[in-house]
Amino acid sequence: MARTVIVGCGYVGLELGRQLDAAGHEVTGVRRSDAGLDAVAEAGLDAVRADATDADSLAALPDADWVVFAASSGGRGADAARDVYVEGLRNVIAAYADRSSPPDRLVYTSSTGVYGDHGGDFVDEETPIEPTTEKTRVLAAAERVAREETAAAGIDGTVARFAGLYGPDRYRLDRYLEGPVTEGYLNMVHRDDAAGAVAFLLESDLARDDVVLVVDDEPVDKWAFADWLATECDEPAPPKRTIEERLDDPDLSAAARRRIQTSKRCSNARLRELGYDFAYPTYREGYSAAIEAYLSGTDASEI
């Protein structure tokens with residue numbers, strides 16, 4: 001049994017906690033709000049109030065064998081992201097480094113956004129990262145903290161680079177059924193597999209001081225995905241637009257413009273080689289529950 005602390009125990013963290021708890025590990029979920037703490041308790045995990053950006057609050061964290069840093073900046077800008085992902089992560093590492101028995105492992109959950117634009121080519125763990133927005137540059141800086149500053153503290157750091165997350169309450173059926181859908185590629189991973197991959201790396205003692213890309217088997221063209229989803233949901237194909245048409249929008253922010261111009265396909269060959277077995281290897285399996293709910297009458301915006 002490993003003592004596990006999940007800092008920022010939200011969408012993925014709660015599922016990770018449930019999986020580790022079911023496997024017999026002792027799990028503590030860390031949140032800063034009453035609602036967050038209630039969600040942790042409802043998942044059957046020990047709940048502790050602390051805020052990664054408040055170093056003094058981290059004295060409340062219990063000792064741990066494994067720490068997972070899965071905190072979110074709440075969709076805010078680059079400054080808020082730096083406060084959470086870089087400084088907050090540093091605070092957590094420092095809080096544990098000072099203890100007589102620091103954790104053995106720390107996993108930081110990053111994003112495939114750090115790759116930048118590769119013209120639709122495949123990328124993997126050996127591909128140099130080239131973040132194109134201030135926020136993804138923050139994520140790249142946090143990855144360095146997760147590997148370098150953990151090592152200085154005597155902790156083995158791992159970066160789990162998540163593709164686009166989807167799953168319960170995040171299927172976004174309305175976006176793809178109603179359109180317009182902008183061309184490009186989707187790199188996705190179901191929430192349960194994002195959590196499952198982290199649990200696998202910890203329990204199998206793999207990827208110490210390393211980066212692992214967490215994405216499913218099949219990056220998919222957005223237009224092809226939207227047409228498939230419409231067919232499965234017995235709806236007409238949604239309207240579509242090219243990248244050039246989307247970029248013609250005068251109200252498009254500079255950050256959104258750079259995201260739209262960023263294209264890549266992410267490979268999970270490394271994760272597969274390590275031995276992880278996906279519960280939802282492609283979007284077809286992953287979206288089956290959402291499609292069933294839609295066909296049974298649930299509004300697309302609620303799935």
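Everything numeric in this text was worked out from a predicted model, so none of it was measured.
- More than 12 heavy atoms of other residues, nucleotides or ligands lie within 6.0 Å of CG in Asp299, so this atom counts as buried by the packing criterion.
- In this structure the side chain of Tyr276 reaches within 4.5 angstrom of the side chain of Asp193, judged on heavy atoms.
- A cation-pi geometry, defined here as NZ or CZ lying under 6.0 Å from the six-membered ring centre and within 45° of its normal, does not hold between Arg191 and Tyr166.
- Atom CG of residue Leu229 and atom OH of residue Tyr294 lie 9.0 Å apart, to the nearest 0.5 angstrom.
- A salt bridge between Arg82 and Glu134 is present, with a side-chain N of the basic residue lying under 4.0 Å from a carboxylate O of the acidic one.
- Here the closest non-hydrogen pair linking Gly113 and Thr136 is O-CG2, 3.6 Å.
- Remark: Leu295 CG to Glu232 CD distance equals 8.5 Å, nearest 0.5 Å.
- The number of heavy atoms from other shown groups lying within 6.0 Å of CD (Glu245) is above 12.
- Side chains of Lys264 and Tyr185 form no contact here, defined as non-hydrogen atoms less than 4.5 Å apart.
- Considering only heavy atoms from C-beta on, Val123 stays 4.5 Å or farther from Ser267 through its side chain.
- Between Arg105 and Asp65 there is no salt bridge, since no side-chain nitrogen of the basic residue lies less than 4.0 Å from a carboxylate oxygen of the acidic one.
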Working for salt bridge (charged side-chain N to carboxylate O under 4.0 Å, His left out), residues Asp210 and Arg270: CA-CA 11 Å; Asp210 208 349; Arg270 175 83 197 290; 3.0 Å; yes

Pair Arg18, Glu15 - check salt bridge (charged side-chain N to carboxylate O under 4.0 Å, His left out), show working. CA-CA 5 Å; Arg18 286 188 286 263; Glu15 176 60 24; 3.2 Å; yes

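- Residues Met188 and Val198 are members of separate hydrophobic clusters, defined by side-chain heavy-atom contacts under 4.5 angstrom among Ile, Leu, Val, Met, Phe, Trp and Tyr.
- Two rings, from Tyr287 and Phe225, have their centers less than 6.0 Å apart.
- In the hydrophobic clustering of this structure, Tyr108 does not group with Leu202; members are Ile, Leu, Val, Met, Phe, Trp, Tyr whose side-chain heavy atoms approach within less than 4.5 Å, directly or through other members.
- When every heavy atom of Ala163 is checked against every heavy atom of Asn187, the shortest pair comes out as CB-O, 3.4 Å.
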Working for side-chain hydrogen bond (donor to acceptor under 3.5 Å, both in side chains), residues Asn268 and Asp217: CA-CA 6 Å; Asn268 69 5; Asp217 288 348; 2.7 Å; yes

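- At least one side-chain heavy atom of Phe122 sits under 4.5 Å from a side-chain heavy atom of Pro219.
- Using modelled atom types, one finds no donor on one side chain facing an acceptor on the other under 3.5 Å when comparing Glu130 with His118.
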Candidate pair Asp221 and Arg265, rule salt bridge (charged side-chain N to carboxylate O under 4.0 Å, His left out), full reasoning: CA-CA 10 Å; Asp221 176 275; Arg265 285 175 287 173; over 6 Å; no

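- Taking all atoms of both residues into account, the shortest heavy-atom contact from Gly36 to Ser33 is N-OG, 2.9 Å.
- Residues Glu285 and Thr282 have side chains that bring a donor and an acceptor to within less than 3.5 angstrom of each other.
- Both Leu139 and Val84 sit in one connected hydrophobic cluster of ILVMFWY residues. Membership requires side-chain heavy atoms under 4.5 Å apart, directly or through other members.
- Summarising the geometry, atom NZ belonging to Lys240 is positioned 11.5 Å from atom CD belonging to Glu183; distances are rounded to the nearest 0.5 Å.
- By the rule that hydrophobic residues join a cluster once side-chain heavy atoms approach within less than 4.5 Å of another member, Val12 and Val67 end up as members of separate clusters.
- The CG atom of Leu106 sits 12.0 Å away from the CG atom of Asp209 when rounded to the nearest 0.5 Å.
- No salt bridge links Arg31 with Asp38; every basic N to acidic carboxylate O contact stays at or beyond 4.0 Å.
- Across all their heavy atoms, Gly116 and Thr132 have their closest contact at CA-CG2, 3.9 Å.
- With contacts defined as side-chain heavy-atom distances shorter than 4.5 Å, the pair Leu177/Cys233 qualifies.
- Looking at Asp34 and Arg49, a side-chain N of the basic residue comes within less than 4.0 Å of a carboxylate O on the acidic one, giving a salt bridge.
- In this structure, CZ in Phe69 is found 8.5 Å from CD1 in Ile93, a value given to the nearest 0.5 Å.
- The side chain to side chain contact (heavy atoms under 4.5 Å, CB included) with Cys266 is formed by just one residue from the set Asp124, Leu213, Val189; it is Leu213.
- Grouping the Ile, Leu, Val, Met, Phe, Trp and Tyr side chains by contacts below 4.5 angstrom, directly or via other members, places Leu271 with Phe162.
- Here Ile260 contributes atom CD1 and Asp117 contributes atom CG; the two are 12.5 Å apart, rounded to the nearest 0.5 Å.
- For the pair Arg99 and Tyr96, the distance from NZ or CZ to the six-membered ring centre is under 6.0 Å and the angle to the ring normal is within 45 degrees.
- The pair Glu125-Arg161 does not meet the salt-bridge criterion, since no charged nitrogen lies less than 4.0 angstrom from a carboxylate oxygen.
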